[in-house]
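Heavy atoms only: backbone and side chains are in, while hydrogens, waters and symmetry mates are out.
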Amino acid sequence: MILDDHPAIVAGVRAWCGQADPPIELVDAGDQISRLWTEPGASADVVVFDLHLGRQPLFRELARLVDAGRQVVVYSQRADGPTARECVRLGAFTYLTKAEGHQHLVPAIQAAARNVPYTPPALSGAFYADDGPDRPALSNAERETLRAWFESDSKRLAAHKLHLSVKTVETYIERVRIKYANAGRPARTKAALLERAIQDGLVHPDELAG
């Protein structure tokens, strides 16, 4: 379901979704938020959400969707870090600027439907530039342990790479999880922790290609 008051944007997204593999069915809510809560919008796997239908950002409406368990991909013309960070803090699946286009919007929709992490460049940059309280301060040892773990198939292999014991690696990773949880951004799985690390600029996806 897409919520956007610009017909040209909706037409473009519909075309991109139609060309996806497999094709993504797109339902247009126009600028009517109520359509997200009635069929067929209520059953949509993912909501593509224009944050600015009027003069004020729709943070309250975003929070309501998230609280109802909806997967929301915010798709906005705003490219500033504070707006992106606030959307993620409220529970949006991810945040894209409209300048990022189909090469990121379609993968983001697919990832949201599968509930696997996806961080487009704008969101990664927004968190990299952030020094707010929701970005926990990690020690050098914790950062290096995370990087080694993400590059390895197991904690044992990460420990071997760092010349540490498996117990030490587990301790560092658990400390990082606690820090993220205390900052209001819990990461209970390896995939979720990788998503946080990418958002905060601790690692870049290209570095993990191998």
Side-chain angles (χ1 to χ4, degrees), residues 1-130 185 195-196 198-201 204-206:
M1 193 81 175
I2 183 169
L3 179 78
D4 197 294
D5 58 353
H6 293 89
I9 294 291
V10 175
V13 174
R14 187 184 302 280
W16 298 339
C17 287
Q19 295 167 4
D21 184 20
I24 300 168
E25 179 184 357
L26 187 73
V27 179
D28 180 15
D31 61 356
Q32 301 298 310
I33 296 176
S34 61
R35 293 180 183 173
L36 302 177
W37 299 98
T38 58
E39 295 300 344
S43 299
D45 295 313
V46 179
V47 176
V48 178
F49 189 83
D50 184 355
L51 190 67
H52 290 83
L53 295 182
R55 300 186 65 180
Q56 297 298 322
L58 302 176
F59 290 134
R60 181 178 298 180
E61 290 77 7
L62 171 60
R64 184 179 172 219
L65 286 166
V66 170
D67 289 344
R70 308 294 294 276
Q71 290 281 61
V72 182
V73 173
V74 177
Y75 192 50
S76 175
Q77 72 270 25
R78 293 283 296 269
D80 61 288
T83 298
R85 292 191 294 269
E86 178 63 9
C87 288
V88 172
R89 187 190 70 79
L90 290 172
F93 174 79
T94 194
Y95 185 99
L96 288 90
T97 69
K98 290 181 177 178
E100 290 178 291
H102 74 279
Q103 65 267 36
H104 290 291
L105 180 58
V106 170
I109 293 172
Q110 293 168 330
R114 299 194 307 268
N115 197 29
V116 297
Y118 187 83
T119 303
L123 185 57
S124 180
F127 277 100
Y128 186 76
D130 179 37
R185 298 167 63 203
E195 177 78 352
R196 298 298 187 219
I198 293 173
Q199 289 173 347
D200 290 354
H204 191 277
D206 291 345

Side chains of [X] and [Y]: closer than 4.5 Å at any heavy-atom pair?
| X | Y | answer |
| --- | --- | --- |
| I109 | C17 | yes |
| Q77 | D50 | yes |
| V46 | F93 | no |
| D4 | V48 | no |
| R78 | L51 | no |
| L36 | R64 | no |

Measure across [X] and [Y] and return the closest heavy-atom pair with its distance rounded to 0.1 Å.
| X | Y | result |
| --- | --- | --- |
| P120 | Y95 | CG-O, 3.2 Å |
| S76 | H52 | OG-ND1, 3.7 Å |
| L96 | A108 | CD1-CB, 3.8 Å |
| D28 | G30 | OD1-N, 2.6 Å |
| P23 | G18 | CB-O, 3.8 Å |
| Y75 | K98 | O-CE, 3.4 Å |

Is a donor on one side and an acceptor on the other found under 3.5 Å between the side chain of [X] and the backbone of [Y]?
| X | Y | result |
| --- | --- | --- |
| R70 | V47 | no |
| T94 | Y118 | yes |
| E86 | T83 | no |

Set of residues satisfying ring pair (Phe, Tyr, Trp, His ring centres under 6.0 Å) with respect to H6, sequence neighbours excluded: none

Residue set satisfying salt bridge (charged side-chain N to carboxylate O under 4.0 Å, His left out) with R35, at least two apart, ordered chain then number -> none

Can you list everything that forms a side chain to side chain contact (heavy atoms under 4.5 Å, CB included) with A92? Sequence neighbours excluded, please. L62, V74, C87

Gap separating the [atom1] atom of [X] from the [atom2] atom of [Y], nearest 0.5 angstrom:
| X | Y | atom1 | atom2 | answer |
| --- | --- | --- | --- | --- |
| I9 | L105 | CD1 | CG | 10.0 Å |
| L3 | Q32 | CG | CD | 8.5 Å |
| Q19 | R14 | CD | CZ | 13.0 Å |
| Q103 | W16 | CD | CH2 | 7.5 Å |
| D67 | L90 | CG | CG | 9.0 Å |

Show the numbers, then the answer: is there a side-chain contact (heavy atoms from CB on, under 4.5 Å) between E195 and V88? CA-CA 12 Å; E195 177 78 352; V88 172; over 6 Å; no

